[in-house]
Each structure stands twice: as structure tokens, then as C-alpha cells.
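Working notes, beginning with the structure itself.
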Amino acid sequence: MAKPQAKQLVVCVDNQGYSVSLEKRKIYVMLRDAMAEKHGLLRIVDESGEDYLYPKMFFRSIALPQSVKKAVMAAA
């Protein structure tokens, strides 16, 4: 059985070439993927509801109060 992936919240700061899949200034769920990160990519659950790899430079990590983070993760 695969272990659950660690999730983190990130905000999109650029969507050049991916305007259909990503919205600038929107919060996304990032799934930890060490191999992708070694290649400068992040695994993001995008507008399709599926996870895909996108350039790491398109996102910034964000810190939210635990209650807000819990609400955002529940809505994702």
C-alpha cells in the first residue's frame, strides 16, 4: 500500500504557457515529489482536479493559520 503523499499549499505567481491549467494568485495543493523537485518541477493539483508537473518557479510556498489551511485542504 502506498503511503499518503504530504501536501503543501502554494500560490501560483506565473502561468505562462499554462493559462488553461493554472490561475495566477490562486492557491493550489502541491503533492510532495522528491524526484520532480530535483528536476525543478512541482506536482500540483490543477484546474482539472488531477496532479501534473509544473515549473517550480511558477509557485511560492505560503504559510496560513492552521484553521485556514485545514479549511482550504478540505475544499481541495
Side-chain angles (χ1 to χ4, degrees):
M1 184 164 81
K3 68 176 189 172
Q5 289 179 304
K7 295 178 182 179
Q8 182 180 337
L9 296 177
V10 294
V11 64
C12 179
V13 296
D14 189 2
N15 66 350
Q16 187 174 1
Y18 299 96
S19 60
V20 172
S21 304
L22 300 172
E23 290 181 37
K24 286 165 70 172
R25 298 177 299 281
K26 182 173 178 176
I27 296 172
Y28 288 93
V29 174
M30 180 192 86
L31 304 176
R32 282 279 186 217
D33 184 332
M35 187 63 76
E37 290 182 43
K38 286 181 183 178
H39 295 282
L41 301 169
L42 296 179
R43 185 167 298 282
I44 303 293
V45 179
D46 69 10
E47 296 304 310
S48 71
E50 299 292 325
D51 59 278
Y52 293 98
L53 296 174
Y54 292 102
K56 188 174 185 175
M57 66 184 190
F58 281 14
F59 302 92
R60 298 292 182 271
S61 295
I62 55 173
L64 298 172
Q66 191 59 36
S67 60
V68 176
K69 182 177 179 179
K70 194 172 185 179
V72 171
M73 289 294 200

- Is Val68 reachable from Met30 through a run of hydrophobic residues whose side-chain heavy atoms are each under 4.5 Å from the next?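 No, Met30 and Val68 fall in different hydrophobic clusters.
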Linking I/L/V/M/F/W/Y whenever any side-chain heavy atoms sit under 4.5 Å apart, do Leu31 and Met57 land together?
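In one cluster: no.
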Going by side-chain hydrogen bond (donor to acceptor under 3.5 Å, both in side chains), name the residues that satisfy it together with Ser19, two or more places apart in sequence or in a different chain.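 Here no residue qualifies.
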Across all chains, not counting sequence neighbours, the side-chain hydrogen bond (donor to acceptor under 3.5 Å, both in side chains) partners of Ser67 are none
Within-4.5 Å side-chain heavy-atom neighbours: [X] and [Y]:
X: Glu37; Y: Arg43; value: no
X: Val72; Y: Ile27; value: yes
X: Asp51; Y: Ile44; value: no

Practice task
Nearest 0.5 Å please: distance from the CG atom of Leu42 over to the CD atom of Gln8.
Solution key: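 With rounding to 0.5 Å, CG (Leu42) is 8.5 Å from CD (Gln8).
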d(Lys38 NZ, Asp33 CG) to nearest 0.5 Å is 10.5 Å
**Report entry** Listed partners of Lys56 passing salt bridge (charged side-chain N to carboxylate O under 4.0 Å, His left out), at least two apart
**Finding:**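 Listed in chain order: nothing, the list is empty.
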Check: Are the side chain of Asn15 and the backbone of Leu22 linked by a donor-acceptor contact shorter than 3.5 Å?
Finding: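 It does hold such a pair.
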query = Under the 4.5 Å side-chain heavy-atom rule for ILVMFWY, direct or indirect, which residues accompany Met35?
reply =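 Grouped by the 4.5 Å side-chain rule, Met35 forms a cluster of one, so the answer is none.
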So the ring-ring contact (aromatic ring centres under 6.0 Å, His included) pairs with at least one residue in residues 52-76 (sequence neighbours excluded) are Tyr18-Tyr54, Tyr18-Phe58
| task | Hey, could you give me each pair passing ring-ring contact (aromatic ring centres under 6.0 Å, His included) that has a residue in residues 23-44? Not counting sequence neighbours. | result |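 Qualifying pairs, neighbours excluded: none.
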Residues 18-27 vs salt bridge (Lys or Arg N to Asp or Glu O under 4.0 Å), sequence neighbours excluded, gives Lys26-Glu47
Open item on the list: Please give me the minimum heavy-atom distance between Ala36 and Leu53, naming the atom from each residue.
Closed with: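 Scanning both residues, the minimum pair turns out to be CB-CD2, 3.5 Å.
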- Partners passing side chain to side chain contact (heavy atoms under 4.5 Å, CB included) against Met73 (at least two apart in sequence or in another chain):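 Here the qualifying residues are Lys7, Leu9, Val29, Lys69.
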